[in-house]
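Below is one structure, written out as structure tokens; the observations come after it.
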There are 2 protein chains.
Amino acid sequence: MSVDERRPTKVKRLPREVRERQILDAAVRVFSEHGYHNASMDEISDVAGVSKPMIYAYLGHKEDLFAACIRREASMLIEAIAAGVEAELPPDMQLWHGLRAFFRFVGAQKESWRVLHRQATSQGGPFSEELLAMRDRAIALVDALLVRSATSRGMDEAATKSTEALAAALVGASESLADWWLDHPEVPDKVVAGWLMNLVWMGFGDLVDGHVWTPATPTAG
Amino acid sequence: MSVDERRPTKVKRLPREVRERQILDAAVRVFSEHGYHNASMDEISDVAGVSKPMIYAYLGHKEDLFAACIRREASMLIEAIAAGVEAELPPDMQLWHGLRAFFRFVGAQKESWRVLHRQATSQGGPFSEELLAMRDRAIALVDALLVRSATSRGMDEAATKSTEALAAALVGASESLADWWLDHPEVPDKVVAGWLMNLVWMGFGDLVDGHVWTPATPTAG
DNA sequence: CCCTGTACCTACTCACGAGTAGGCTACGGG
DNA sequence: CCCGTAGCCTACTCGTGAGTAGGTACAGGG
């Protein structure tokens, strides 16, 4: 090997923790942009500012790295939503706060959202399992909300059986609307959340008659 | 090369049209199962019962092949929906028939649906453009429906601006519910369509009060 | 029976990217 | 000043899969 070549020798040595964080940040960015398969470890190492063997040393193989990204971003999203919801509130307010927290997160962390929604769900491997598990958790959460709301107001049993499906539809509507929102960033997150809240709570039949849902607490703006 | 080897020599010669159809069928199946990147041309040629150069001769490169799949399956879906909707009906009935046709299609062509929803939307290349264009067409269709419904009943202008977003949410809800349905095939397509119709037309607030939407025409059940 | 074209094949090349071997450099302790 | 170790690198191997070269079998016209 060319021993006499004048290398910069300027590599700053950093503790493992920091490097891992840098690598994960870069990976989320690259996976979000190109997708799992089209993303190369070389590009990730470039963006992270380290060499490829560092990634293997710290985060393992490509699958492990992707899984680590999913895990980190997913728990950030779940934490964000959980932080917005208070268990004491009535169902419609819980749903409202959950939707608001969700859209706030998506607006602030577009890349996180892309890697979760676009990439993870479409990869067949062990990722989608992990990711779909989180998605199922969200659906179960909404389902519980709907069931609680329905039974407390005496909805009949037959209709109650459909709440899981409705929860899946609601989660899908949120995801789709989040994607739409990425193309229309001029709309405030609160407005988008309000649209969806009205659609699912009031229904379009009510909306065209001018019956809208508004949060019980007065909101500024 | 072993010239004396006893090959079957039983390859049935078929006209180009038939082979192209076979190849497209196989491609949809393999793409649906493994995704675009994990699907290999070798496996597609295997499933199709032809050799790889045939695919290249008839359908071109991998991207072209995938695009051809998307195009064929997408137009089948659109035709199916268009065939179910009659322009003369009131908006809610149009939506109802559209939803029914959609879920009927998904139920009958699960692989087509998978390749459209899961694979095409998550690939960054020229596919997603084509596919998203079709999706936008669906959203525009629903949007027109909502606008027509809203203006005919005097909805105010401000709310009308949100119909495009609501249409996106509705399309997403349909997609997500279709995915949920793949895991619960015991539910009839009509029932699933009914759930979604009620959610988006009546809203959950109405549903828990027992206000449900039913088609105007009596349906055998 | 030869000639031409079309359907179809086997068996290859080659690029790309995951993963690795092995070495260099900074720093702290003896 | 020497050594051990941990952070970090360059420069490779090698499998995989897209795409191709070039050939074989069958059909029909002369």
Handout entry: Base-contact (B) and sugar-phosphate-only (S) positions in nucleotides 18-23 of chain D, heavy-atom cut-off under 4.0 Å, - elsewhere
Key = BBBB--
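As rounded to whole Å, 12 Å separates atom C1' of dG17(C) from atom CD of Glu43(A). Distance CG (Asp46(A)) to C1' (dA18(C)): 15 Å, rounded to an integer number of Å. The CG atom of Leu59(A) sits 15 Å away from the C1' atom of dG19(C) (whole-angstrom rounding). If you measure from atom CD of Glu17(B) to atom C1' of dT6(C), you get 16 Å, rounded to the nearest angstrom. Distance Met54(A) CE to dA18(C) C1': 18 Å, rounded to the nearest Å. In this structure, Ile55(B) atom CD1 and dC8(C) atom P are separated by 12 Å, rounded to whole Å. Taking atom CZ of residue Arg13(A) and atom P of nucleotide dC24(C), one finds them 14 Å apart after rounding to whole Å. Atom P of nucleotide dG17(D) and atom CD1 of Ile44(B) are separated by 12 Å, given to the nearest angstrom.
Not a single donor-acceptor pair, N or O on each side, falls under 3.5 Å between the base of dT6(C) and the side chain of Arg16(B). The base of dA7(C) does not come close enough to the side chain of Arg19(B) for any donor and acceptor atom to sit less than 3.5 Å apart.
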Exercise for the section: Start with the C-alpha distance between Tyr36(A) and Lys62(A), add both sets of side-chain angles, then the distance that settles side chain to side chain contact (heavy atoms under 4.5 Å, CB included), and finish with yes or no. Expected result: CA-CA 9 Å; Tyr36(A) 175 73; Lys62(A) 193 180 184 184; 3.7 Å; yes
Exercise for the section: Take Glu164(A) and Trp180(B) through the test side chain to side chain donor-acceptor pair (under 3.5 Å) and record every step on the way to the result. Expected result: CA-CA 9 Å; Glu164(A) 188 192 324; Trp180(B) 176 90; 2.9 Å; yes
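Under the 30°/60° scheme for interplanar angles, the aromatic rings of Phe31(A) and Phe66(A) are found to stand perpendicular.
Contact record, Asn38(B) with His34(B): CB-O, 3.2 Å, taken as the closest heavy-atom pair. Counting all heavy atoms, side chain and backbone alike, Trp201(A) lies closest to Ser149(A) at CH2-OG, 3.9 Å.
In the helix from dC1(C)-dG30(D) to dG30(C)-dC1(D), the end axes, each obtained as the rotation axis mapping the C1' atoms of four pairs onto the next four within a five-pair block, lie 20° apart to the nearest 10 degrees.
Residues Arg135(A) and Ser176(B) bring a donor and an acceptor atom of their side chains to less than 3.5 Å of each other.
Ion pair Arg16(B)/Glu20(B) flagged as a salt bridge, since at least one NZ, NE, NH1 or NH2 atom sits closer than 4.0 Å to an Asp/Glu carboxylate oxygen.
Within 6.0 Å of the CZ atom in Arg100(A), the count of heavy atoms belonging to other residues, nucleotides or ligands exceeds 12.
Applying the ring pair (Phe, Tyr, Trp, His ring centres under 6.0 Å) test to Tyr56(A) and every residue at least two apart in sequence or in another chain returns His61(A). For the side chain to side chain donor-acceptor pair (under 3.5 Å) test, no residue two or more places apart in sequence or in another chain qualifies with Arg114(B).
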Extract from the structure each pairing of a protein N or O with an N or O of nucleotides 13-15 of chain C at less than 3.5 Å, listing the distance.
none

For residues 67-81 of chain B, which side-chain N or O atoms pair as donor and acceptor with protein atoms under 3.5 Å away, sequence neighbours left out?
unit_1, atom_1, unit_2, atom_2, d
Arg71(B), NH1, Glu130(B), OE1, 3.4
Arg71(B), NH1, Glu130(B), OE2, 2.5
Arg72(B), NH1, Asp25(B), OD1, 3.3
Arg72(B), NH2, Asp25(B), OD1, 2.8
Glu73(B), OE1, Ser112(B), OG, 2.4
Ser75(B), OG, Arg71(B), O, 2.8
Ser75(B), OG, Arg72(B), O, 3.0

